[in-house]
Amino acid sequence: MTVVEVLFLLLGLVAAGSALLVVTTRTMVHAALWLVVTLGAVAGIFLLLAAEFVAWVQILIYVGAVVVLLLFALMLTKAPTGPQPDLDARRALPAVAVAGLVLAVLGTTVVAGFHGVELDLDGAVVGSAQTTGATIFQQWVLPFEVLSVLLLAALVGAIVLSRGTGRRGGE
Amino acid sequence: MAELVEVLLRVAVVLLAFLVVPLLVGQVEHKAMAHMQSRVGPMYAGGFHGWAQLVADGVKFVQKEDVVPAAADRTVFKMAPAVALLPYLVAMVAIPIGPGLVGQDLDIGLFFVVAVMGVGVVGTLMGGWSSANKFSLLGGIRVAAQLMAYELPFVLAAASVAMAAGTLSLTGIVEAWNPWWLLWQAPAALVFFVAGLAELQRPPFDIPVADAELVFGPYTEYGGLRFALFILAEYAGIVVLSALTAVLFLGGWHGPWEDQVGWLWTLAKTGLVAFVVVWVRVAYPRLREDQLQRLAWQGLVPLVLFQLAVTAIGVVVMSS
Amino acid sequence: MADYYTAYLPLLAILALGVGLVVAMFTSNRLLRPTHRTAEKMLTYECGVDPVGEGWAQSHVRYYVYAYLYVIFAVDAVFLFPWATVFGGLGWISVGEMGVFIGFIAVGLVYAWRKGVLTWT
Amino acid sequence: MPLWWPLLLSSLLFAIGVYGVLVRRNAVLVLMGVELMLNAVNLNLVAFDAYFRDVLHGGQTFALFVIVIAAAEIGLGLAIVLLVFRTHGQIDVDTMRELADREEPAVAER
């Protein structure tokens with residue numbers, strides 16, 4: 001096994017383990033913090049898979065912004081310290097069954113479909129800032145511009161939502 | 001094998017700088033602040049003008065009891081200082097002080113530094129939440145809101161330099177630097193420095209830790225070594241911010257005799273910026289929370305957007 | 001590719017060293033520190049009086065709006081960096097592309113301003 | 001590295017995300033499950049980008065777009081959650097039934 005493979009397995013283990021903790025922990029803020037670990041490990045895997053820029057965007061946007069939003073929301077909705085008994089609905093068994101089914105279908109598909117296919121990273125083109133910039137601003141300009149419209153819509157939506165309670169003041 | 005030794009050597013130097021330079025800044029702050037306020041500051045520790053004061057402080061902190069409040073979330077409470085501190089150490093790896101004198105010159109260096117520095121906010125929020133204290137929680141939320149408000153102009157100002165240089169490598173940016181950037185990039189430099197100051201929660205942007213309102217904000221419950229780590233994070237932050245300002249806007253190692261003593265120029269410029277950070281603390285009163293947010297969103301962000309337009313036009317005009 | 005991976009070697013090393021440093025600090029702290037736990041010492045600090053209520057003050061939602069504004073602008077800033085490395089060669093068209101992108105989001109900022117989100121009430 | 005390693009990891013993360021979305025009652029935790037699923041998708045995109053050695057870097061570019069859209073989505077989602085918290089005082093998704101079809105006619109129709 002090469003160093004890259006060992007690192008991948010380690011990071012994969014960390015990502016999967018912490019993801020499991022995200023959905024099972026009984027303390028809400030711990031879930032957000034385990035999510036940080038998962039996202040960090042996935043960013044590490046991006047780095048290994050030659051997606052350099054995407055990896056650091058993952059750190060800046062997810063860890064630096066999205067997780068902070070989540071922590072904010074937890075704090076503003078009064079997430080207490082200490083475990084909560086009633087975080088999960090009483091449907092763990094069906095949920096496990098559905099998730100297991102998803103895993104079985106997806107897992108067998110990818111393993112059966114790509115068994116024996118080697119991912120050769122030695123010749124891969126590193127997704128550095130330059131290559132990413134060149135592709136986005138030469139090939140993917142239209143989706144990029146549409147993205148700005150989407151962001152504007154999301155921003156306006158969030159502002160309307162967080163100001164919209166004044167009229168319902170009676171509740 | 002020789003490569004590995006070299007890597008370890010570079011990393012060891014970075015670690016050493018991380019441990020020593022923040023202490024120097026702290027000592028300068030002690031003495032400069034004292035003299036600005038007509039006092040002498042520490043005089044006893046180490047003999048000569050109290051030079052060993054912070055070493056003595058460190059020795060004291062290591063011996064102090066480790067108090068975790070009964071209501072706190074123990075694990076998160078204990079992890080928080082390390083999470084706040086380590087991003088600055090990692091960021092230091094990519095900052096060059098001379099041609100080739102760098103922990104590691106990454107192609108994506110500038111973006112890497114900005115991304116990594118953004119992680120520190122999680123540590124502050126962890127500390128604020130896990131203390132289970134009203135002051136801490138409110139302080140933590142204020143810190144996070146402040147960090148996010150100022151992270152934006154910070155990132156945009158950094159992007160302006162990257163545009164001017166056409167590269168994200170910090171070494172590449174210094175090499176592309178040209179004295180007239182002092183004028184061309186002046187608004188970006190101002191925004192970068194002010195936003196960085198606010199991100200470090202240094203006065204006059206220290207409302208999250210305002211003692212009159214919030215005791216010590218998210219750090220209220222902390223004492224001993226964990227408190228020391230938060231403080232070390234603040235001073236390491238000053239060093240990283242000053243070094244980045246020097247490298248991005250003040251030309252790093254450019255100066256007379258730069259082939260021989262270039263690294264000294266970087267250090268001198270870093271020291272100068274760090275001194276301004278200390279000076280500002282003594283000279284200006286604290287901003288109110290609303291003024292803080294208004295300055296970010298209605299002052300710095302529009303200014304830096306304007307700078308981005310100026311930079312873009314400048315680059316295209318010059319390259320065509 | 002080999003260069004790409006070795007470039008991140010110091011990063012791995014400094015992370016390991018940093019964690020080691022913190023561990024070493026706390027190990028020496030463990031060896032040197034006294035431990036006298038008393039009930040009063042473990043109390044939540046509220047300016048010397050006994051803690052009132054639970055540790056949860058109501059915070060205002062406006063903090064969240066600021067945070068969300070940042071997220072929107074941060075994802076926008078993310079595209080500035082790869083753009084910065086290529087737009088010199090692409091010229092005016094590329095500046096126009098980015099101008100349209102930023103223009104849309106700036107409209108969002110102006111909207112927030114006009115709606116009074118940016119002023120503290 | 002065999003190509004199915006990242007793909008299997010991605011499937012695993014996706015399944016864990018599905019489990020989280022189904023089982024959690026707190027709306028913020030449900031959104032965290034969604035984030036896990038989106039990350040699984042990104043992992044897939046990046047893995048195939050490296051495998052195909054795509055000249056257009058479609059995989060990585062779309063991973064970037066997914067990250068951006070995910071950030072916008074979660075922010076909006078949390079804004080809704082906070083609104084619900086302000087009007088109801090709690091954010092348990094199992095009790096939010098205002099928009100559900102009711103079996104019997106609503107009382108207000110009398």
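Predicted model, so just to flag it, every value in this text is computed and none were measured. Numbers restart at 1 for each chain; the letters A, B, ... are given by sequence-line order, proteins then strands.
Contacts of A:F144 with chain D are made by both backbone and side-chain atoms, with heavy-atom separations under 4.5 Å. For A:A97, no part lies near chain D; criterion is any non-hydrogen pair under 4.5 Å. Both the backbone and the side chain of A:L20 come within less than 4.5 Å of a heavy atom of chain D. Of the atoms belonging to A:A65, not a single heavy atom falls under 4.5 Å from chain D. Contact annotation for A:L147: only side-chain heavy atoms (C-beta onward) come within less than 4.5 Å of a heavy atom of chain D. Residue contact with chain A, scored on non-hydrogen atoms closer than 4.5 Å, is absent for D:F52. For A:E5, the parts sitting under 4.5 Å from any heavy atom of chain D are the backbone and the side chain alike. For A:V54, the parts sitting under 4.5 Å from any heavy atom of chain D are the backbone and the side chain alike. Residue contact with chain A, scored on non-hydrogen atoms closer than 4.5 Å, involves the backbone and the side chain of D:I16 alike. The contact between A:L70 and chain D is made by backbone and side chain atoms together, counting heavy-atom distances below 4.5 Å. The contact between D:L9 and chain A is made entirely by side chain atoms (from C-beta outward), counting heavy-atom distances below 4.5 Å. Residue D:L45 does not touch chain A at all, counting heavy-atom pairs closer than 4.5 Å.
Side-chain contact between D:Y19 and A:V98: absent, with no pair of heavy atoms (C-beta onward) separated by less than 4.5 Å. Counting heavy atoms from C-beta outward, D:M32 and A:L74 have side chains that approach closer than 4.5 Å. When side chains are defined from C-beta on, D:S11 counts as touching A:V110, because their heavy atoms get closer than 4.5 Å. Contact of the A:V96 side chain with the D:V23 side chain is not registered, since no non-hydrogen atoms from C-beta on lie closer than 4.5 Å. Under the 4.5 Å side-chain criterion, counting only non-hydrogen atoms from C-beta, A:F53 is in contact with D:L64. Counting heavy atoms from C-beta outward, D:V68 and A:V57 have side chains that stay 4.5 Å or more apart. Counting heavy atoms from C-beta outward, D:E35 and A:V66 have side chains that approach closer than 4.5 Å.
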Could you go through the side-chain contact (heavy atoms from CB on, under 4.5 Å) check for D:W4 and A:T109 one step at a time?
-> CA-CA 10 Å; D:W4 62 269; A:T109 312; over 6 Å; no

Run the side-chain contact (heavy atoms from CB on, under 4.5 Å) check on D:L7 and A:F114 step by step: do they pass?
-> CA-CA 9 Å; D:L7 300 187; A:F114 297 97; 3.6 Å; yes

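Taking both residues in full, the closest heavy atoms of D:L76 and A:A158 are given as CD1-N, 3.4 Å, listed atom of the first, atom of the second, then distance. Here the closest non-hydrogen pair linking A:L103 and D:A15 is CB-CB, 3.7 Å. Across all their heavy atoms, D:A72 and A:A154 have their closest contact at CB-CB, 3.9 Å. A:A31 and D:L29 make their closest contact through CB-CD2, 3.6 Å (heavy atoms, listed as atom of the first residue, atom of the second, distance).
A ring-centre distance under 6.0 Å is found for D:F62 and A:W140.
Taking CD1 of A:I136 as the start and CZ of D:F65 as the end, the distance is 5.0 Å to the nearest 0.5 Å. To the nearest 0.5 Å, atom CE of residue D:M1 and atom CG of residue A:L9 are 8.0 Å apart. Distance check, rounded to the nearest 0.5 Å: CG of A:L49 to CG of D:D49 gives 9.5 Å.
Note: A:T24 leads A:L150, A:T24, A:T131 in heavy-atom pairs under 4.5 Å with chain D. Ranked by heavy-atom pairs shorter than 4.5 Å toward chain A, the options D:N39, D:V21, D:L13 are led by D:N39. Between chain D and the residues A:L13, A:I61, A:L101, A:V117, the most heavy-atom pairs under 4.5 angstrom are made by A:V117. When the candidates D:V81, D:I67, D:V28 are compared by the number of heavy-atom contacts under 4.5 Å with chain A, D:I67 comes out ahead. Per-residue counts of heavy-atom pairs under 4.5 Å with chain A were compared for D:L78, D:V18, D:L8, D:I80; the largest is that of D:L78.
Between D:W5 and A:F8, the two ring planes are parallel [angle under 30°; tilted spans 30° to 60°].
For the residue pair A:Q58 / D:N42, no side-chain donor-acceptor distance below 3.5 Å is found, with atom types taken as modelled.
Under a 3.5 Å cut-off, the side chain of D:Q60 and the backbone N or O of A:T132 do not form any donor-acceptor pair.
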